[in-house]
Student: 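My questions will all concern the structure given below.
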Amino acid sequence: ACSSKYVLSQVHPMWQGPLAVPGGDRQSPVDIVVRASVFDSELKPLVNNYDPDTCQQIWNNGYSFLVEYDDTTDKSTLKGGPLQDKFRLCQFHFHWGESNAWGSEHTVDRKLFPAELHLVHWNSDKYSLFEEAVMEDNGLAVIGVFLKVGKRHEGLQKLVDALPAIRHKDSVVEFNRFDPACLLPSNTDDYWTYHGSLTTPPLTESVTWIIMKQHIEVSHDQLAVFRSLLFTSAEEDVQKSMVNNFRVQQPLCGRTVRSSFS
Ligand SMILES: C[C@H](CNC(=O)c1ccc(S(N)(=O)=O)cc1)Cn1ccc2ccccc21
Ligand SMILES: [Zn+2]
């Protein structure tokens with residue numbers, strides 16, 4: 001599937017049939033084979049500097065729910081880690097399953113997690129808009145954090161409480177003063193990193209992925225509220241639960257996953 005111009009047709013409901021992706025040899029997500037990852041001592045600690053005041057809205061885009069940030073200035077930024085440039089936070093969202101047995105996009109030695117958080121940033125040193133960066137090799141940086149079911153996540157609750165207001169596709173509510181740093185694990189120095197793609201169309205191969213080794217814990221009930229969201233808009237007569245909004249793992253095609261820890 002690496003050499004062909006088409007990625008395999010995806011199994012989940014989001015889209016059917018083969019998708020033309022130029023090249024298609026840097027697709028995401030992937031399975032992280034821990035033993036095959038290569039320790040790179042050059043990898044630095046991540047430096048995130050998020051301003052909660054840049055939080056603007058939360059909305060259901062029919063794939064997931066997104067919390068969007070004002071990315072017209074360098075107020076909420078990410079640098080360090082594997083990154084050479086400064087990246088601006090534009091949104092974060094999640095992927096989850098219909099059950100706690102699966103739901104993450106990346107896996108670690110084939111281990112599935114019930115959900116995965118993606119914090120999406122674009123290279124503001126090289127580009128002036130997200131839309132430009134999304135098409136370029138080193139345009140995006142996405143931090144992935146695995147979620148496990150356990151104790152209630154106090155910081156997440158504010159977000160969970162807003163979800164009933166955006167049950168349907170294309171619904172939006174104002175959402176402010178949310179600090180996304182509260183969703184990061186206590187240890188952000190240990191991560192895996194590799195070059196890949198967006199995991200939903202247009203699947204552009206513009207992402208430096210930074211996958212945290214340490215997961216965060218959320219409660220069963222908090223995750224159940226994610227599953228109360230709908231893929232469908234209010235007008236549609238058949239409502240579909242927003243679950244299993246993850247892409248299947250893609251071939252590594254010779255890529256190396258590096259680790260910041262030995
Ligand atoms: C990409 C953009 C919509 N998609 C995303 O922003 C996105 C972000 C992160 C992920 S993930 N799950 O990998 O973290 C997936 C999708 C729309 N858009 C903006 C410009 C643009 C140009 C052509 C087509 C679509 C375009
Ligand atoms: Zn995502």
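Both backbone and side-chain heavy atoms feed into the values below; hydrogens, waters and symmetry mates do not. Owing to the predicted nature of the structure, the values given are computational and were not obtained by experimental measurement.
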Student: Quick one: do T107 and D31 satisfy side chain to side chain donor-acceptor pair (under 3.5 Å)? Show the steps, please.
Tutor: CA-CA 5 Å; T107 50; D31 175 46; 2.7 Å; yes
Student: Carefully, step by step, assess Y127 and N138 under the rule side chain to side chain donor-acceptor pair (under 3.5 Å).
Tutor: CA-CA 10 Å; Y127 310 107; N138 59 358; 3.0 Å; yes
Student: Begin with the C-alpha distance, continue with both residues' side-chain angles, and end with the deciding distance and a verdict on side chain to side chain contact (heavy atoms under 4.5 Å, CB included) for K169 and L230.
Tutor: CA-CA 7 Å; K169 178 173 186 283; L230 300 167; over 6 Å; no
Student: Counting N and O atoms only, with roles assigned by atom type, does the side chain of T232 sit under 3.5 Å from a partner on the main chain of K240, one being a donor and the other an acceptor?
Tutor: yes
Student: Are side-chain N/O atoms of S206 and E136 paired as donor and acceptor at under 3.5 Å?
Tutor: no
Student: Taking only residues two or more places apart in sequence or in another chain, which ones pass side-chain hydrogen bond (donor to acceptor under 3.5 Å, both in side chains) with Q91?
Tutor: H93
Student: Please report the interatomic distance CZ(R88) to OH(Y69), rounded to the nearest 0.5 Å.
Tutor: 16.0 Å
Student: Shortest non-hydrogen contact from S233 to Q239?
Tutor: O-NE2, 3.4 Å
Student: Run through R152, K151, Q157 and flag the one making a side-chain hydrogen bond (donor to acceptor under 3.5 Å, both in side chains) with E154.
Tutor: R152
Student: Could you verify whether a donor N or O on one side chain and an acceptor N or O on the other, from E116 and H95, lie under 3.5 Å apart?
Tutor: no
Student: Hey, what do you get for CG (L66) to CD1 (I58), rounding to the nearest 0.5 Å?
Tutor: 8.5 Å
Student: Are the side chains of P29 and F246 in contact, using a 4.5 Å heavy-atom criterion?
Tutor: no
Student: Can you get from V225 to V172 by hopping between Ile, Leu, Val, Met, Phe, Trp and Tyr side chains that sit under 4.5 Å apart?
Tutor: no
Student: Are H153 and E217 packed together at the side-chain level, in the sense that at least one heavy-atom pair is separated by less than 4.5 angstrom?
Tutor: no
Student: Considering all heavy atoms of both residues, which atom of F146 and which atom of M212 are nearest to each other, and what is their separation?
Tutor: CD1-O, 3.9 Å
Student: Taking atom types as modelled, is there a side-chain donor on D71 or W122 under 3.5 Å from an acceptor on the other?
Tutor: yes
Student: If you measure from CD on Q249 to OG1 on T199, what distance do you get to the nearest 0.5 Å?
Tutor: 11.0 Å
Student: Using 0.5 Å steps for rounding, measure from the NE2 atom of H195 to the CD atom of E205.
Tutor: 12.0 Å
Student: Take D51 and S76 through the test side chain to side chain donor-acceptor pair (under 3.5 Å) and record every step on the way to the result.
Tutor: CA-CA 5 Å; D51 175 353; S76 286; 5.8 Å; no
Student: Does any non-hydrogen side-chain atom of V33 lie less than 4.5 Å from one of V257?
Tutor: no
Student: Examine K213 relative to F261 and say whether NZ or CZ is less than 6.0 Å from the centre of the six-membered ring and inside a 45° cone about the ring axis.
Tutor: yes
Student: Quick one, S186 with Q214, criterion side chain to side chain donor-acceptor pair (under 3.5 Å). Give me CA distance, side-chain angles, the key distance, then yes/no.
Tutor: CA-CA 8 Å; S186 49; Q214 190 179 50; 3.0 Å; yes
Student: Between W209 and H106, does the ring centre distance come in under 6.0 Å?
Tutor: yes
Student: For the residue pair H121 and L119, establish whether any side-chain heavy-atom pair is separated by less than 4.5 Å.
Tutor: yes
Student: I want to check something: taking the side chain as every heavy atom from C-beta on, are W192 and V34 in contact at a cut-off of under 4.5 Å?
Tutor: yes
Student: Side chain to side chain contact (heavy atoms under 4.5 Å, CB included) between N61 and D170: does it pass, once the steps are laid out?
Tutor: CA-CA 5 Å; N61 72 347; D170 296 331; 5.7 Å; no
Student: Kindly work out whether a path of hydrophobic side-chain contacts (I/L/V/M/F/W/Y, heavy atoms less than 4.5 Å apart) joins V160 to V173.
Tutor: yes
Student: Measure from NZ or CZ of K111 to the centre of the six-membered ring of F113, then state whether that distance is under 6.0 Å and the direction lies within 45° of the axis.
Tutor: yes
Student: So, K79 and D85, do they make that salt bridge, N to O below 4.0 Å?
Tutor: no
Student: Is it true that W102 and N244 share a donor-acceptor pair across their side chains at a distance under 3.5 Å?
Tutor: yes
Student: Are the aromatic rings of F178 and F92 close, with centres under 6.0 Å apart?
Tutor: yes
Student: Check whether the ring centres of F65 and F226 lie less than 6.0 Å apart, and answer yes or no.
Tutor: yes
Student: Of V145, L184, L156, which is the lone residue that meets side chain to side chain contact (heavy atoms under 4.5 Å, CB included) with I216?
Tutor: V145
Student: Within the structure provided, determine whether L163 and L229 are in side-chain contact (heavy-atom separation under 4.5 Å).
Tutor: yes
Student: Working to the nearest 0.5 angstrom, can you tell me the gap between I166 CD1 and W59 CH2?
Tutor: 10.0 Å
Student: Between S219 and D221, do the side chains contain a donor N or O and an acceptor N or O under 3.5 Å apart?
Tutor: no
Student: Out of curiosity, does M135 fall in the hydrophobic cluster containing L129 (side-chain heavy atoms, cut-off under 4.5 Å, transitive links)?
Tutor: no
Student: When you measure from the side chain of R258 to the backbone of D40, do you find a donor-acceptor pair of N or O atoms at a distance under 3.5 Å?
Tutor: no
Student: Do T77 and N49 get their side chains close enough for a donor-acceptor pair, meaning under 3.5 Å?
Tutor: no
Student: Mind checking whether N245 and T200 have side chains closer than 4.5 Å, heavy atoms only?
Tutor: no
Student: Looking only at atom types and distance, does a side-chain atom of R227 sit under 3.5 Å from a main-chain N or O of M242, one as donor and one as acceptor?
Tutor: no
Student: Checking S28 against Y194: is there a side-chain donor and acceptor pair closer than 3.5 Å?
Tutor: yes
Student: When you look at V149 and H220, which way does the side chain to side chain contact (heavy atoms under 4.5 Å, CB included) test go after all the steps?
Tutor: CA-CA 6 Å; V149 177; H220 176 90; 3.9 Å; yes
Student: Assess, by modelled atom type and distance only, whether the side chains of R247 and Q27 contain a donor and an acceptor separated by less than 3.5 Å.
Tutor: yes
Student: Minimum heavy-atom separation for D189 and P45, please, with both atom names.
Tutor: OD1-CB, 3.5 Å
Student: Do H168 and N60 get their side chains close enough for a donor-acceptor pair, meaning under 3.5 Å?
Tutor: no
Student: Closest heavy-atom contact between L140 and F87?
Tutor: C-CE2, 3.7 Å
Student: For A101, does its backbone N or O pair with a side-chain atom of S99 as donor and acceptor, under 3.5 Å?
Tutor: yes
Student: If we ignore hydrogens and angles and just use 3.5 Å, is the side chain of N187 paired with the main-chain N or O of D190 as donor and acceptor?
Tutor: yes
Student: Indicate the atoms forming the closest heavy-atom contact of N123 with K126, along with that distance.
Tutor: OD1-N, 3.0 Å
Student: Hey, could you give me the CG/CD1 distance between L117 and I143, rounded to the nearest 0.5 Å?
Tutor: 8.5 Å
Student: Is there a side chain to side chain contact (heavy atoms under 4.5 Å, CB included) between R255 and V30? Walk through the geometry before answering.
Tutor: CA-CA 10 Å; R255 287 173 284 176; V30 297; 3.6 Å; yes
Student: Considering all heavy atoms of both residues, which atom of A141 and which atom of L83 are nearest to each other, and what is their separation?
Tutor: CB-CD2, 3.9 Å
Student: Would you check if W96 and S64 make a side-chain contact, meaning some heavy-atom pair closer than 4.5 Å?
Tutor: yes
Student: Looking at F175, I'd like to know if the NZ or CZ of K158 sits under 6.0 Å from its six-membered ring centre while staying within 45 degrees of the ring's axis.
Tutor: yes
Student: Does D53 come within less than 4.0 Å of R177, counting only side-chain N to carboxylate O?
Tutor: yes
